[in-house]
Structure formats: structure tokens, C-alpha cells
Asker: 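Let me give you the structure first, and then I'll get to my questions.
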Amino acid sequence: MVKLIGQFVSCCRAAGLRVSTSEVLDSLQQMKLINPVDEREFHALLAANFAKSLRELYHFNRLYHLFFHEMRINAEDMEQAADQTEQIKKATDILKKKPHDSSVYDAVVDFLGGNPMPLLAEMRRIQTESDDASAPTRFNLGPLASRLNVLIQINTAATAAQSLIKDDDFQMDSKSRRDLSAHFEERLDAARSMLTYEPRSGNAEARKVKPHEQRLADMGEKAFSSFTRREIEDMREAIDKLVRKLKDIVSRRFAVRDRGNLDVKKTLRASAKYNGVPIDIQFRRKTLRKSRIVTLCDISGSVWAAARFMLNLLYSLQDCFDKVQSFVFIDRLTNVTGVFEEQEISEAIQTVLKAADIHYNAQTDYGETFRNFKSNYMDLLTKKTTLIIVGDGRTNYMHPEDAILGEMRERCRRVIWLTPEPENLWGTGDSEIYSYAHHCHEVRVCRNVNQLVTFIEELVL
Amino acid sequence: MAYKNVSDVEKRLTEAGYIPSREIATVIFLAQATQKPVLIEGPAGVGKTELAKAVARSLNREMIRLQCYEGLDEAKALYEWEYAKQLLYTQMVKERINDIIGSTATLTEAVDQIATQEDAFFSDRFIQPRPLLQAISSSKPVVLLLDEVDKSDPEFEAFLLELLSDFQVSIPELGTRKAVRIPFVVLTSNNYRDMSDALKRRCVHLYIDYPARDTEIAIIRLKIPDIEENLCATLVDAIRNIRSLDLKKSPSISETLDWAQSLLALQISELTQEVVSETLNVICKYQADLEKVRKNMDRVIA
């Protein structure tokens, strides 16, 4: 029994199932407790110890079937099996000595002889190996070719085995000759079916949701500018989820704020009610600072794509902030706070796009925007304010007015600049991002949802 | 009383109102015999929690349940100091403190004197045991159910390791507590996330899927004895057909039972397409699923 289980374990390992030594020991100990002749119990025991997730269970069941059903000779003709085993051994020894040039051939012959391990290992290598990464274009030909090689080797072994059995040098009566041939056929079939077997990746539960989830996750890495209209809609779902998660985290912070240090003063005051006995314990509350946020969004061209997602996120999280004020600009500043407060986010975005006093054909003018802000809205910036500017910093060779940004910085807590341009393009052409950068506390690249999410998380928490 | 063998498990679980497959019975028996925790996985509503309850009933043990969720910490799962009680006691024994430190000459001596009394305040008296400590310190063996352990944080999972492998917990002020009687531990998981290998290694794994047709019929007849045999069979067939559709949430056993119950309440004796369509709300929990089943009604019931 120990040897059998040991063989099975090494097969499992060869096929990529992780089985630890302690699990093997456990299963051997448990074997004493059950009736191993009852196959359901035997199978349940091995499955409970070796396959510890649903994914592994499919894999395990296949190996189990292969090892205990396809590879073993029926228990009924045990005696006959015994001399057959001898013949099989003799035959495979001869087969091995035949000239050949492939290690796969050895594996196939071993498989014929009842040791599936080398072939399983070979199959696993084929299934898991990826194409040569250095190749300029990738095909799925690599694994296919390896499989073809295995198939050829199986067929070579099959022909060799057949001719060996027919060969008169091999002394055998006709019955055992027939048996042996049937036996080899059976195993070769098993080997062929292994070849066409595709490992199932699944998890029935996850399988249903995965394509969608995966797509959302993939979209996280996609640049804003390459979103289609459909994807923008889908993205809103992802953002909803994210917002829920962030709110959870924030509410948990509210939950723990009561568990601060003991507030002696308050506790004593409360104890007055109970004749001086401090029953009602008071803790020093951790005050959470909520920040005010002012956003300036360039809504020309590609920048708008990033800005709209950021606005979407900011307004979904509005209750995590004290107040969110937003402005959009191309050649001058427009206050859109009201629009976002009154309407639902996607509607608000539409309204902003249609708003009459935005000149979409105009050139972006950062200088004018800053001058505008300075004369009208400077008092919005206080010690609690975080100013977020979304823009590529391309001024169309007009005056950047970076000094005004410096003044703005003096008044507020933090200035953060988000740019959709990758860093290697900064400072090229009309980009003034470097002259703005030294007035900002931080300049970040924000090209896709994942980057945006990290930014918002840091902002909220 | 412990299970004697696999058939004994089968028999006693059935008596406790849970119909196990041979596989389930084997795993439960092994877990009990080797004193290992069982990690049960499977879709929602196939009776993972129910199995733990049935084990408790059949072993005649008390069940202690800990529902896991994100943010669950040691204070909620293991123990908590009762500060209010400690303070109250301090107030009440204030006068005695003078007796203790009355004879001392210096402040250092006084502090030393009080330090010897420290144990009085960090003792079992002021500990509020939570489920895990309860399970470990109970003088009678219990069944400990850690429900939906996949919902808890990875930190909590790591904390469980000590408990699951050695059946002991460490309380800094009191030292290590070993289990008085080793509890039968059941962990359930919905595949919300993968558990760590370290945790899996310490457990015996059991995957419960939707039951076979005959088992499901037997379960319905056990839970709802009034139902007619014919109706029960068609009902199970219909449910199995619905499961074969690609739904957001496939109906599980608990939904089957709800459905059978509601058909009984409506005094319906025959399952027709109309009846199915009218009572579909019991089994489908998403509007999209509802519409899908209605559209494929021919496949559900002939």
C-alpha cells in the first residue's frame, strides 16, 4: 500500500499537483481507519488530503482515474496479471533497447510498462511552457509541435510493440500474445487521450464571473484615451465597486477612532453620574481631517478623458471630503461645481460638455486660466485645501504664468498636478510642465484607471 | 460519543437530519479520528453550515460559531479584557490598598508591593472569552464552526494557524492556553479568495457540490415530509435543469427547499410551466436569471 501511494504521489507531483510530505503521512495514517477496499472511501480520503481546492480537485480526479483505473490491470485476474507483468517487463526492456533518438520515446515505453511518471512530467512541461519570449511574433505552434512529437513517439512505440509481439523470437502462446497486444493497445489509447487532454483552469464558481471581472481588471491598465464609448460605460461599474471599497475602508477608520487612548478628563466627568466610579470609559477621539478639494481640469483633447474619470471618482466619494469645488478650462475658467452638485455624475459630465461658454475650438491657455482664478476664486484656497490640476501643461507657447501657481501654492495645503503624458514627453515642444512642477508638491502621471485609483486612495486615506 | 466508522457517521448524520454522501461521511470520520479541522468548500447554499450543525447534533456537542468578516480581529474572535469591570473592582478595593502598602517605607517598596498583587487584575475573572477561547477552554468537547473564513483578512487567517495545528492560543498576560478538550473544527469557505497553503495543509479538505438527484429528493422528503412523491421528483428535475442553464446564481438546496415549501403552501400538486413561471422568484435571485429561465422554460419543464 505504501509503495502504491508513493507511486501515486510521485505521479501527482510529476503532473504538477503540490502534495506535501505531511499530507502523505496523514493519508497513510488515515488509511488504517477506513476500509480501503471501498473505493468511494479510498478516493475520498486521497482527495481530502491531496486536493485542497476546487481547481486541484479536477486535476486530481483525472490523475486518480488514470493511475488507478487505466494503468492497473483488473484485480480479478490478479494471477494472470502477475505473469503478464513479467512479460510486459520483458517486452518493454526489449523496446527500450531499440535504437531511438528521443527521451519522449523512453517516457512512452515506461508508460506502457506501467510507470506513467515520465510521460506525465513531459505533458506538464508542454502544457505549462510558454513560447520563447524573445520571438518577435508568438504562435501557439510551440506546444503543438511538442505534442506532435509525443504523438509520433507514441506511434513509433506502438509499431515497435506490435512487431515485437508478432516476432517469433518472443516465445509466447497465442492467448497471452493476444492479451499483451490488447493491453498495450489500451495503454496507448490512454496515452493518446492524455495528449488531447486540456487542463481545465476552472473553478466553476469563478468561471462564470471571471471573463467580466478579468475584462474590468484589464481595463485598469488601458490608457484613458483609447477607451471606447462602451468601455466608458463599463468603467463606471468598476468605479462603483472601487468607491464602495474605499468607503468601507474609510468607515472602518471611523469605527476605530473611538478606540484611542483613555481620556482621563472625560472619564472623570462621566463618572460623576455614578458616584465617582468610572464605569463609563471615554476615549480620546482621533479627529479625522477631511480635506477640501479644488480641481482645475483641462478639458481639451485627450486630457479630458483622464479628467472625467477623476471627477467621477471625486464626486462619488464626496462624503469623504469636506467640499469639492471643480473648474474646467480651455481658454478660460468655468466653475462647474453647481452642475456636479445638482446632477447625477454622468449627466453632469454631459452638461459640462455642452455648456455654452466653453470654446472647444480654442487653444488651451494656462496663463489666462490662472489669471482668471487669481482674480475671482483665490479665497477658495485655504490651509485645508488640496488643489488638484489635471492637464498636460502644454501652453501653446503662451505665457505659462507659473508665478501665479506659486502664489496659489502659498495659500493651500497641497498642490498636485496630474498629467496624462508619460514622463519622457515632459518638457518637449510647448510643454511647460517643468516650470509648473517646481510649484507643485507632486506631479504624477495618470494615464489609466489603476494609476488614478492609487492616487485617489492616497488622497482619501 | 465519537463516531465508530464511516457507516456510523452516515447513520448518525442522517438521524440528525443531514443526508451525507459516502464521501462526506468518510471525510467527517477521518477529521474526527485524526482530530484535524475540516475545510469545506462549495457553492452557496449546498449545506456547508448545515453539515457542521448536524455534526454537532449527532455528536451531542454544543456548537460555537464564529462568523468571519473583513476586519474581524483577535479582540472579537479570541478574548477581550473587561476594562469597566477592572476599574470598578479597583474602586471597590481602594481601601485595601492602604493595608498592602501601609507597612512600606519608600515609594519603590510600595510599587513593588503592588506589583505582587498584579495578578489579581489580569486573571480569568476579567477576561471576556470570545468564540475561539470559549471553544478551547470548554470542559466539554464542542464543535467550532468558523463560517466563511475566506471573508476574513489574511492576518486573521495567519492567527488561526496556531489554533488549528496545536489547539492552543497565546494570551500575552496569561500565557499559552491549551485546549481542555480538542474541539471538532469546521471551516467553511465560498471561494471568495484562496486560502493560504499553510492553512490548507492543516485541514482535511472537503468539496460539497450540488447533490445527486436521489440525494436531493431524499433531502426534500426529509425536511418537508408532507410533499407528494411525484411533485418532489418533477421539482428536483426542474431544479437540475435550471442549474444546467448558465445563471448568475444557480439555485442551491436551500432554494429547492424554499420552493417546495412555497408550492406546498400554495397547495399546488402538479408542476406546470405556468406554476414555475409564477413561483420563479423563490429560486432566482437576479432579474436577469429570472428572464433567462422564463425564456428557456421548455428546457426546464416539458
Side-chain angles (χ1 to χ4, degrees), chain A residues 18-23 25-27 29-36 38-58 60-61 202-209 212 245 248-249 251-253 255-256 259 262 267 271 274-281 283, chain B residues 3-7 21-34 36 38-44 70-71 73 75 83-92 94 165 189-210 246-250:
Chain A
R18 273 177 302 170
V19 180
S20 73
T21 317
S22 70
E23 282 162 349
L25 286 175
D26 284 345
S27 62
Q29 255 153 17
Q30 291 165 5
M31 206 56 90
K32 281 184 262 172
L33 301 167
I34 60 154
N35 171 17
D38 184 332
E39 203 198 323
R40 284 173 302 172
E41 289 183 25
F42 182 72
H43 176 254
L45 185 147
L46 290 184
N49 282 297
F50 291 177
K52 298 227 160 157
S53 75
L54 185 53
R55 251 194 309 286
E56 287 168 350
L57 199 62
Y58 288 121
F60 171 83
N61 283 339
N203 199 320
E205 285 290 287
R207 187 169 50 89
K208 279 176 215 148
V209 279
H212 187 57
K245 206 169 134 196
D248 278 354
I249 298 175
S251 68
R252 218 182 293 148
R253 278 169 78 227
V256 296
R259 278 189 259 135
L262 183 75
T267 308
S271 73
Y274 307 103
N275 213 359
V277 182
I279 284 179
D280 193 3
I281 313 255
F283 294 98
Chain B
Y3 299 122
K4 284 194 275 297
N5 51 39
V6 178
S7 334
S21 67
R22 187 80 175 178
E23 197 190 0
I24 293 176
T26 310
V27 173
I28 292 292
F29 173 69
L30 288 176
Q32 183 233 225
T34 55
K36 279 194 150 214
V38 199
L39 171 64
I40 309 180
E41 282 187 315
E70 217 176 312
D73 56 3
Y83 294 115
K85 202 171 163 189
Q86 280 173 333
L87 272 179
L88 203 59
Y89 272 58
T90 322
Q91 287 291 318
M92 291 192 302
K94 214 156 53 183
S165 55
S189 148
N190 270 329
N191 276 336
Y192 188 74
R193 70 182 169 86
D194 262 354
M195 311 307 297
S196 73
D197 281 352
L199 183 81
K200 283 182 185 167
R201 198 184 64 67
R202 285 169 173 79
C203 302
V204 188
H205 181 262
L206 174 64
Y207 179 75
I208 306 185
D209 210 340
Y210 299 116
D246 189 23
L247 297 186
K248 266 190 187 166
K249 181 188 179 321
S250 294

Asker: May I ask you to say whether E41(A) pairs ionically with R22(B), meaning some side-chain N is under 4.0 Å from a carboxylate O?
Answerer: yes

Asker: What's the separation between atom CG in D209(B) and atom CG in L57(A), rounded to the nearest 0.5 Å?
Answerer: 9.0 Å

Asker: Check whether L206(B) gets within reach of chain A through its side chain, its backbone, both or neither, counting any heavy atom under 4.5 Å.
Answerer: neither

Asker: Which pair of non-hydrogen atoms, one from A44(A) and one from E23(B), has the smallest distance, and what is that distance?
Answerer: CB-CG, 3.4 Å

Asker: Please classify the contact of N35(A) with chain B as side chain, backbone, both or neither, using a heavy-atom distance under 4.5 Å.
Answerer: neither

Asker: If you measure from CG on L30(B) to CG on L45(A), what distance do you get to the nearest 0.5 Å?
Answerer: 5.0 Å

Asker: Between L33(A) and chain B, which part of the residue has a heavy atom less than 4.5 Å away: side chain, backbone, both or neither?
Answerer: both

Asker: Distance from Q29(A) atom CD to K36(B) atom NZ, nearest 0.5 Å?
Answerer: 9.0 Å

Asker: Need one label for K85(B): side chain, backbone, both or neither, based on atoms under 4.5 Å from any heavy atom in chain A.
Answerer: neither

Asker: Please name the pair of heavy atoms, one in H205(B) and one in A51(A), separated by the smallest distance, quoted to 0.1 Å.
Answerer: ND1-O, 3.1 Å

Asker: Between CG of L87(B) and OG1 of T267(A), what distance do you get to the nearest 0.5 Å?
Answerer: 8.5 Å

Asker: Side chain, backbone, both or neither: which part of V27(B) has an atom under 4.5 Å from a heavy atom of chain A?
Answerer: side chain

Asker: Working to the nearest 0.5 Å, report the span between CZ of R202(B) and CG of D26(A).
Answerer: 11.5 Å

